[in-house]
**Student:** 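Here it is, the structure, as structure tokens.
Values below: every heavy atom of this structure, side chains too, minus hydrogens, waters and symmetry copies. Every chain is numbered from 1 and lettered A, B, ... according to where its sequence line falls, protein lines coming before strand lines.
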Amino acid sequence: MPKKGAFTSMDRMKDIVALCKRRGFVFAASDIYGGLNGFWDFGPLGVELKNNLRDLWWKAMVITPPIGPDGNPVEIVGIDSAIIQNPKTWEASGHVGGFSDPMVDCRETKKRYRADHLVVLKNDTDKWPAFFEDVEDTDIEKRLKKLGLAQDLTGYERHNLTEPDILAALDKVIGPDVDKAGTLTEPQQFNLMFHTFVGATANEDNKAYLRPETAQGIFLNFKNVVDSTRVRVPFGIAQIGKAFRNEVTPRNFIFRSREFEQMEMEWFCRAEEAKMWQEFWFEERAHWWKSIGLSSANLQMRPHESDELAHYAKEGLGTSDIEYKFPFTDPDFGELEGIAHRCDFDLTQHQKFSGQKMDYLDPVAQERFTPHVIEPAAGLTRGVLALICEAYTVDESRPSGVYLNFHPSVAPKKAAILPLTAKEEHVPLAQKLYLELREEFPVDLDIKQNIGKRYARQDEIGTPYCFTIDNDTIADQTVTVRDRNTMAQERIHMDKVADYLREKMKR
RNA sequence: GCGGGUGUAGCUCAGUGGUAGAGCAUCAGCUUCCCAAGCUGAGGGCCGUGGGUUCGAUCCCCAUCACCCGCUCCA
């Protein structure tokens, strides 16, 4: 409910989370055991919303892909690859090497260091200063003087912080930015990939990973798709599915969770056309998010700075994000989708690691090359959150105090059928309409309680239309349509209700 | 991972060292021709979890888990 006084975006977010639980959109995973940090379950309405978003994406990509620059629809096919693949996949992709660094924290300064980048000067005292490995000897001597320690470097042994002898005596180590010993924590492995073991026994030989992105499943199947379908470059392969990342800090409701769902499309094209296609997809994707109800005011298009680019995008045109102004990021924005130029990094890597040819033979030009990739990668889970945040509308003039302003195409329930009273004459007509509509739309039939409560309930879950059966319905087969946003009513014939909804679903 | 805060019915919260309350919601019945209305009634919590102190703890202490805020991190 709306609060008095200063109503901050944090309050708004809390209200949204409360509504999500109260009405069955999102629950904490394993709630009865106290939950599990970074994991969430979708409830009855949440799964409908998520499926709607998922299906709209699939339709926009695979079923009715956009018209390309040549006036014809572009070519995109879908796949659904395994979550667990041969672990070499992740060595090739750069995920195994790239994110398993031991880190230490300084309790004093709260700074965090790569443990393998720190050098410790050990001697027979109990004060061992640590330095960044690339610090000049003259700077080391200066600091030793400041710390009141022996400045003769020959009196010290140099050890990496990760060596067992050093780790066993961390209380003697003086962190790089402090002047007393014992402020560094034990190194921690920050491997963002979940691992598991394939087969009954658990050991290093059968270690495998849960995919941290769906993209690699697409690259692994590049040849399969080229060989089994008639696609020709440029074309795309789309996939929707779960991905897993051991985020250091899952935060902000379902925005950063450890298990989440991605909608990724890898667009294979010639290197010289990469720029054109990146711009093309950027436009297309921004337009799509708007078409499902996100307002331009809450969307921002932002190119990545060079220092935040992923390893695969460093050489190319970079990445541009489509960002949404979530209540918890306001006035800033949070990433919804990134359109990256992955160059030929992935195919080249897999060719190197697998020994399989991953290049493409153009059948017309009879020319062999490794395609470049433009990747529009969207978060389905984040998309759901953006839709909910966008829809959440405070309106103190109505009984519910709030309603969810979903576009009809994403609303979990498209309509509710409400007999005005529970009397014998109204209920059968309502049931008849309900049985007819549910063949085509997810709809609710709600008979109990007074009409106001039922309207309020539908407002809160974002049902765009309520069809009410009253005494006039008995006489002339018309029903009232009550619009969620305006609360205005009009009468239409029962036979026209399906047409009415069908028309409203259009975007 | 660090620091601060929070954790009592579905929700929002109150409360006391002696085994817990309100409003709203939910459900049932009656009523009602249109916006959580009215009347009557019902269900629902052993106070996040596990220890400890105590004759006895929801309220005291410790640990743990989760969430929120800040920092850090973020393929």
**Student:** Return the set of residues passing ring-ring contact (aromatic ring centres under 6.0 Å, His included) with A:F282 (not counting sequence neighbours), or none when no residue passes.
**Tutor:**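 Not a single residue meets the ring-ring contact (aromatic ring centres under 6.0 Å, His included) criterion with A:F282.
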
**Student:** Mark yes or no for a side-chain to base donor-acceptor pair under 3.5 Å between A:N37 and B:A66, with no hydrogen or angle criteria applied.
**Tutor:**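 Between B:A66 and A:N37, which were checked side chain against base, a qualifying N/O pair under 3.5 Å is absent.
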
**Student:** Do A:T478 and A:R491 have a side chain donor and acceptor closer than 3.5 Å?
**Tutor:**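 Judged by distance alone, the side chains do pair up.
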
**Student:** If you assign A:P250 and A:E335 each to the RNA chain B nucleotide with the nearest heavy atom, which residue ends up on the more 5' nucleotide?
**Tutor:**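 Its nucleotide being nearer the 5' end, the pick is A:P250.
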
**Student:** Where the side chain of A:R457 is defined as all heavy atoms beyond and including C-beta, which of B:U26, B:C34, B:C73 is the nearest nucleotide?
**Tutor:**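 Out of B:U26, B:C34, B:C73, the nucleotide with an atom closest to A:R457's side chain is B:U26.
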
**Student:** What interatomic distance, in whole Å, is found between C1' of B:C2 and the corresponding atom of B:C73?
**Tutor:**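 Rounded to whole Å, the distance is 12 Å.
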
**Student:** Can you see if the side chain of A:K21 gets near the phosphate of B:C11 - specifically, an N or O under 4.0 Å from OP1 or OP2?
**Tutor:**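 Result: yes.
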
**Student:** Show me, range against range, the stems involving RNA chain B, built from at least 3 consecutive Watson-Crick or G-U pairs below 3.5 Å.
**Tutor:**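 Stem list for RNA chain B: B:1-7 with B:65-71, B:10-13 with B:21-24, B:26-30 with B:38-42, B:48-52 with B:60-64.
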
**Student:** Output yes when at least one side-chain N/O atom of A:R251 is less than 4.0 Å from OP1 or OP2 of B:C67, else no.
**Tutor:**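 The answer is no; no side-chain N or O of A:R251 sits under 4.0 Å from OP1 or OP2.
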
**Student:** Can you check whether A:K453 has a side-chain N or O nearer than 4.0 Å to OP1 or OP2 of B:C35?
**Tutor:**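 A:K453 to B:C35 OP1/OP2: no side-chain N or O under 4.0 Å.
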
**Student:** For A:F253, enumerate each residue passing the ring-ring contact (aromatic ring centres under 6.0 Å, His included) test, keeping only those at least two apart in sequence or located in another chain.
**Tutor:**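 If we apply the ring-ring contact (aromatic ring centres under 6.0 Å, His included) test to A:F253, skipping adjacent residues, the hits are A:W40.
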
**Student:** With a 4.0 Å limit, can you tell me whether A:K448 has a side-chain N or O closer than that to the phosphate oxygens OP1/OP2 of B:G29?
**Tutor:**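 Indeed, a polar side-chain atom of A:K448 lies that close.
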
**Student:** Listed by chain and number, what are the side chain to side chain donor-acceptor pair (under 3.5 Å) partners of A:W128, not counting sequence neighbours?
**Tutor:**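 So A:W128 forms no side chain to side chain donor-acceptor pair (under 3.5 Å) with any residue.
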
**Student:** Applying salt bridge (charged side-chain N to carboxylate O under 4.0 Å, His left out), name anything that partners A:E264, two or more places apart in sequence or on another chain.
**Tutor:**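 Expected list: none.
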
**Student:** Which parts of residues 257-268 of chain A get close to RNA chain B, meaning a heavy atom less than 4.0 angstrom away?
**Tutor:**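 Heavy-atom contacts with RNA chain B come from no residue of residues 257-268 of chain A; none.
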
